[in-house]
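Quick notes on the structure that follows.
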Protein chains: 2
Amino acid sequence: MSLRFGILGLLSEWEASGYDIKKEFDDLMSIFWHSHLSQIYPELNKLEKENLISSKLIAQEGKPDKKIYTITENGKEELMKWLLAPTESPKLKDVFLMQTFFMDNISVEEVVFKLKMYKKERTQRLDKMKQIMIERLKSIKERNVMKARILMSSVVLKRGYEQELQYIRWCEDTINLVESCKFLWEKSEGKRSTIIPFSDVEEMFMNYFSDMIEEY
Amino acid sequence: MSLRFGILGLLSEWEASGYDIKKEFDDLMSIFWHSHLSQIYPELNKLEKENLISSKLIAQEGKPDKKIYTITENGKEELMKWLLAPTESPKLKDVFLMQTFFMDNISVEEVVFKLKMYKKERTQRLDKMKQIMIERLKSIKERNVMKARILMSSVVLKRGYEQELQYIRWCEDTINLVESCKFLWEKSEGKRSTIIPFSDVEEMFMNYFSDMIEEY
DNA sequence: CGATCCATGTAATCCGTTACATGATTAC
DNA sequence: GTAATCATGTAACGGATTACATGGATCG
């Protein structure tokens, strides 16, 4: 239900083809959404039937023809209605966190390895975003222009950046905690994992969670 | 493709019914996944057909009968294979960030209102997680036990908490930035929004993004 | 000469959500 | 008496992913 508004939002600024829209989704917008061409094209056709966008066919030399879409007044109204509607409470899906939750089932070495790998993955995303931001800033400064759309896309970029940075820090902290709690993965009685008194790990445990439970 | 592993992961620790599993998904696990009973029940049947779990029917007094599922050796292997497999790069979906991206289409007052509302929403989630953590800690201390599963579920809880906290802080920072850049939403020439020289907002802009572009 | 880019789509499948269906017990 | 809890499902629909299909231009 959100893809259509992603498309309408984009077309509220520029006119574009399905192919162009896909590129935007793969670029900056990948921070909050993603979609395949095979979903974008049918959605564009639906939006046109509903009179929220209109199209014109452009012939090109040396390249296939393209269909350029423009938002209609109806479309702008729909977009604004959606922007003003209360946002549904977010339902997160994070496969890595799910894996982490169940990592008592693999060895400590493997846990640490997985955390390091994932940290790497996230670091690459961070670097990419930093790069995008630096280029944006350069271009903004050179052209010396600022407007609401640029501001809002930049604050979204910042949120994406922060998210990556914090995930990386969490990976680091968690690697440290897991390594200092290694012995929890030792198997006693053949198959079952160790259960030890909390007091043995209390200090490092409380240290890891200190900012979460300050006053407690 | 992840729901089945969420179920297998749960059953690697306790045996449970579909109804029990749903409750776990609604509780702590809601940080990284969610699912409906109408999806859980068919998935359980599929998993049983594939010999990854087995069931026994338990008759109860005053309550409907229930089917208790247990993980099989096959199931444990599948779970471990999944835990060790490289994690697919995360594809985020965040409707609120999408809305934010396009908020040049509504008035500043409405932008600030939306940000405040969303901050409230996230604050409620934060409080809930804090509560869960405090109760966990109390129970861990009282029973004086620690094991790998408890550790890993706690680190996941911390990630969830941090995520909420940081989102809230971003909302606050963004409200301030938007309010100090109000004039960008003023319409000039009837319909188009204002374009102003970047130098007019450079200081507050750079301040908001300072941690993202330190050395630049 | 193979890969990637440009450009638009259809079909099959899978995953997820909402609605429908049933029915006893318990708490307010 | 009305809502919530316990307990298990099916059916319909909608959204998202993967596979299939086409074909010229350009780059290495």
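Residue numbering restarts at 1 for every chain, and letters A, B, ... go by the order of the sequence lines.
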Which residue lies more 5' along DNA chain D, comparing B:P64 with A:W33 via nearest heavy atoms: B:P64
For the rings on B:F102 and A:F5, is their centre-to-centre separation under 6.0 Å? no
Atom-to-atom span, CD of A:E88 to C1' of D:dG15 - whole angstrom: 13 Å
In terms of the nearest nucleotide of DNA chain C, which residue is placed more toward the 5' end: B:K63 or B:L3? B:L3
Determine: side-chain N/O of B:K93 to OP1/OP2 of D:dG15, distance under 4.0 Å, yes or no. no
Using a strict threshold of under 4.0 Å (side-chain N to carboxylate O), is an ion pair present between A:E135 and A:K138? no
When you measure from the side chain of B:Y69, which nucleotide among C:dG9, D:dG15, D:dG9 comes out closest? D:dG9
So which one's nearest nucleotide on DNA chain D is more toward 5', B:K91 or B:D65? B:D65
How many whole angstroms separate atom CD1 of A:I68 from atom C1' of C:dA7? 11 Å
Determine, for A:K67 against A:E15, whether the closest basic-nitrogen to carboxylate-oxygen distance falls under 4.0 angstrom. no
Donor-acceptor side-chain pairing of B:S153 and B:R136 below 3.5 angstrom: yes
Answer with base, sugar-phosphate or nothing: what part of the nucleic acid does A:S38 contact at a heavy-atom distance below 4.0 Å? base
In whole Å, what is the span from the CD1 atom of A:I21 to the P atom of C:dG9? 12 Å
Would you indicate which nucleotide in D:dT10, D:dA16, D:dT5 comes nearest to any side-chain atom of A:Q39? D:dA16
Using atom OH of B:Y19 as one end and atom P of D:dC6 as the other, report the distance to the nearest whole Å. 4 Å
Without decimals, in angstroms, what is the distance between A:K46 NZ and C:dG9 P? 15 Å
Round to a whole Å and report the spacing from NZ of B:K23 to C1' of D:dC6. 8 Å
Distance check: side-chain N/O of A:H36 vs OP1/OP2 of D:dA16, anything under 4.0 Å? no
For the aromatic rings, using the six-membered ring if either is Trp, is the centroid distance between B:F32 and A:F96 under 6.0 Å? no
Can you check whether A:Q60 has a side-chain N or O nearer than 4.0 Å to OP1 or OP2 of C:dA7? yes
Options D:dT8, D:dG9, D:dT17, nucleotide nearest the side-chain atoms of B:L37: D:dT8
Roughly, in whole Å, what's the span from CG in B:D20 to P in D:dT5? 15 Å
Figure out the NZ/P separation between A:K22 and C:dC6, and round it to whole Å. 13 Å
Using only side-chain N and O atoms of B:K67, determine if any of them is under 4.0 Å from OP1 or OP2 of D:dG9. yes
Nearest of C:dC15, C:dG9, D:dC6 to any side-chain atom of A:N45? C:dG9
